Each structure stands twice: as structure tokens, then as C-alpha cells.
Amino acid sequence: MPTAVQVTRTGGPEVLELAEIEPGPPGAGELLVDLAAAGVNYIDTYQRQGIYPIDLPFVLGSEGAGTVVETGEGVTEFAPGDRVTWQGVLGSYAQRAVVPAGATVKVPEGVSDEIAAATMLQGLTAHYLVRSTYEVQEGDDILVHAAAGGVGLLLVQLAKARGARVLATVSTDEKAELARGAGADHVIRYDREDFAAATRELTDGEGVAAVYDGVGKNTIDGSLASLKIRGTLALFGAASGPVPPLDPQRLNSGGSLFLTRPTLGHYLRTREELDWRAGELFAAVQDGSLNVRIGGRYPLADARKAHEDLQGRRTTGKLLLIP
């Protein structure tokens, strides 16, 4: 019987348990998939802790890639043997899973299953941020926090491809080198200096057009202080904790600023939007213009260690579980 990582009680990484779970046959509009890799993401830690409540017990993980074993009734666009990938489907920390065909895209030639699993959630997130939340323009100055993380490295590359000058914050020398390797023009060690002051200095006092902030509580004040007049703060995560309530007057006094708290689901409203975003990402992977860094591979049984490393800020790039 296939194994999966199950949560029977919420809490720390220690609640992750390996269990034998048979997902059953696919229903109408579904696919049964043998997984080659599952992505590890911050949302998984929120669900594990109960911050995002889910009825217990449940199989963790929302992102994966693998090979179709069987198709359910009404599925015409996929067939057994197709390589597919997805995000936003609970139950992906598993050797075998049932996934909706509507949430799934085919993995193109030249893209491995591991790269596909590493691209979906974080790649689609980076894509909607630079193409839709604040559409980066040629010549823009942009600030990316946690620039050596999975989303951060992709944000740097996608913003550079659109002609931006990218300022990046990191916490270690190793992460600084990764950010530079991804194309960051200036790297700021936020553990050593005030990143808002450094940002102002690097932009001759003007500030940046947009800040992409997945850190949250520890960076919100400095992010607002880094923006130019009518700049945009896209707060897309809370790795350091949730942001306290904010007085809207701060947006006025900061320069008629824009603050948004986007989420991926609102940028994947249609099948066409999913295909557009995934298609652009995989095309960039295929032509070599987008490098998806896999920072760690863990056996399915080591999901606890993957969560500990992710939350301990000991990782760079994307973490994968290999069933």
C-alpha cells in the first residue's frame, strides 16, 4: 500500500507521521498519479500548526509532479503515462494521489518532474507578483526580501527579465551569493544594516517602485519606508509572523502608497490563466532563462526534518520530498 505523510493532530514538525494510505480510484474529472516529487512550502507549516484549519486527519502537501496512472470519467485532456504537475491540491506528500484534472498541467519535454514540482507554487506566485500585482516595467527599481528563498530567487530572475534593477535582502554570505547569481544588482544584508536606509541610498532617496515581501512582521515597517511615492507593497507571506493591524494613514503619509495582501488563488481564476502562467514559466525553464534551484531533497519519511529546516531559515531555493 502506498505511504503518505499524515497529520492527526496539529502542532510542530513532530506531528508529521508516515502512514499507509490508499487514495482510491479517480472520480469524475480526476487523475490518479504516481508522484515523483512533492514540494514543501510555508503554507504546509501553517496547515500543520492549525493556523489554516483543516479537518483532521489529513495528508499534508499541496504541490507535486508525477505520472498519470488512471483517469476518471470525463477526462479527455490527459492519459495514462502523461507527466503532470499541480499546486493547491491537498494530499501531495504521498507516493500516490488523486488530483483534479482542472488543477493539473502537463510537464513539457526538457523539464524534469523534480523541476516541475519545484516550479508550480513558488513559480506561479513569482509570476503573478511581477506580471499582475505590480507589473514590473523596464527601468523600475524593485526590492525583493528573502531573495535566496524559493520565491525570492524566482522573483529576482523574473523582475530582471522585465528590465528592472533589483535590490535584494538576505541574511548570510551564502544567500548573498545566490541572490547575485540570480541577477540581483545590489544585495543588502538586513542582519547588518537598515535595509530601508540602504534602499533609499541606492535609489538616491527616491525609493523603489515595489517591494515584494514574504517575510511580514519583521519587515513591514521597513518595506513601507522603502517605497517611492505611489509605490506598491505586495505582502504575499508572513514567514516571520502575521503583520499587526495597520493605520491606513501610514499609506498617505508614506506617499499615497499601495498595500496589497495577494494570494495565488485569486490570480488563477480560470484555466486560461493557469495555462498562461505555467506556460510562460516552463518556457523560461526550457530556454534556460529561468533557473529553478532545488535547495534540498528529503525522503518522504523525513518530512519532519524538511519542515524544521524550512522554518529554521536554514534553506535556500526549493525543498522537495521524494516518495
Side-chain angles (χ1 to χ4, degrees), residues 31 33-42 61-68 77-78 81-89 92 99 103-133 135-136 142 144 146-164 166 168 175 177-184 212 214 236 264 267-268 271-298 315-323:
L31 310 172
V33 179
D34 277 340
L35 275 89
V40 179
N41 299 290
Y42 260 102
S62 60
E63 177 184 41
T67 302
V68 176
E77 65 271 37
F78 299 99
D82 284 346
R83 293 191 306 126
V84 295
T85 186
W86 63 88
Q87 67 79 35
V89 180
S92 300
V99 299
T104 306
V105 297
K106 289 184 181 180
V107 179
E109 291 297 320
V111 179
S112 71
D113 289 339
E114 287 191 3
I115 291 296
T119 300
M120 284 298 281
L121 191 146
Q122 293 175 335
L124 291 171
T125 297
H127 188 278
Y128 86 70
L129 286 169
V130 303
R131 294 299 309 274
S132 303
T133 301
E135 188 169 6
V136 175
I142 301 295
V144 176
V151 177
L153 288 170
L154 299 175
L155 279 170
V156 171
Q157 293 176 75
L158 293 178
K160 284 296 296 179
R162 294 186 64 80
V166 177
K175 292 179 178 181
E177 286 306 308
L178 287 171
R180 290 190 186 95
Y212 297 118
F236 66 92
L264 178 57
Y267 289 87
L268 296 175
R271 179 75 212 193
E272 290 72 24
E273 195 166 27
L274 171 61
D275 288 341
W276 166 54
R277 296 193 192 283
E280 287 202 350
L281 287 168
F282 287 133
V285 171
Q286 286 174 303
D287 68 20
S289 61
L290 183 67
N291 175 46
V292 180
R293 175 182 171 81
I294 297 175
R297 296 174 176 84
Y298 302 75
T315 66
T316 59
K318 183 71 177 190
L319 304 188
L320 295 178
L321 295 180
I322 308 299

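By convention here, the first residue in the shown sequence is residue 1. Values reported hereafter were calculated over all heavy atoms of this structure, with side chains retained and with hydrogens, waters and symmetry mates removed. This one's a predicted model, so the numbers in the text were calculated from it and none came from an experiment.
G64 approaches A117 most closely through the heavy-atom pair C-CB, 4.1 Å. Residues V136 and R162 come closest through the heavy atom pair O-NE, 3.0 Å. When all heavy atoms are compared, the tightest approach of S62 to L121 is OG-CD1, 4.0 Å. What you find for L35 and S92 is that their closest heavy atoms are CD2-O, 3.1 Å. Of all non-hydrogen atoms in V292 and A118, the two that sit nearest each other are CG1-CB, 3.7 Å. Annotation for V107 and S112: closest pair CG1-O, 4.3 Å, computed over non-hydrogen atoms.
Just one of V105, T119, T104 meets the side-chain contact (heavy atoms from CB on, under 4.5 Å) condition when paired with T85; it is V105.
R83 places a side-chain N or O within donor-acceptor distance of the main-chain N or O of V111, the cut-off being under 3.5 Å.
For Y128, the ring pair (Phe, Tyr, Trp, His ring centres under 6.0 Å) partners are Y267, not counting sequence neighbours. Residues forming a ring pair (Phe, Tyr, Trp, His ring centres under 6.0 Å) with F78 (at least two apart in sequence, or on another chain): none. Residues that satisfy the side-chain hydrogen bond (donor to acceptor under 3.5 Å, both in side chains) test with D275, not counting sequence neighbours, are R271.
Between T133 and F236 there is no side-chain heavy-atom pair separated by less than 4.5 Å. Between N41 and K318 the shortest side-chain heavy-atom distance falls below 4.5 Å. Proximity of Q122 to E63: side-chain heavy atoms (C-beta onward) are nowhere separated by under 4.5 Å. When side chains are defined from C-beta on, F282 counts as touching M120, because their heavy atoms get closer than 4.5 Å.
Applying the salt bridge (charged side-chain N to carboxylate O under 4.0 Å, His left out) definition to pairs two or more places apart or across chains, none involves residues 283-293. Residue pairs meeting the salt bridge (charged side-chain N to carboxylate O under 4.0 Å, His left out) criterion with at least one partner in residues 114-129, sequence neighbours excluded, are E114-R297.
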side-chain contact (heavy atoms from CB on, under 4.5 Å) evaluation trace for W86 with L31: CA-CA 11 Å; W86 63 88; L31 310 172; over 6 Å; no
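For the residue pair E272 / W276, no side-chain donor-acceptor distance below 3.5 Å is found, with atom types taken as modelled.
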Could you give the side-chain donor-acceptor pairs of residues 146-159 under 3.5 Å, partners two or more places apart or in another chain?
residue : atom : partner : partner atom : Å
Q157    : OE1  : N291    : N            : 2.7
Q157    : NE2  : L153    : O            : 3.1
Q157    : NE2  : N291    : O            : 2.9

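For the atom pair CD of Q87 and CG of L264, the computed distance is 4.5 Å after rounding to the nearest 0.5 Å. The structure places CD1 of I322 at 11.5 Å from OH of Y298, a figure rounded to the nearest 0.5 Å. Between I294 atom CD1 and T316 atom OG1 the span is 11.5 Å, to the nearest 0.5 Å.
Salt bridge E77/K106: absent, no basic N to carboxylate O contact under 4.0 Å.
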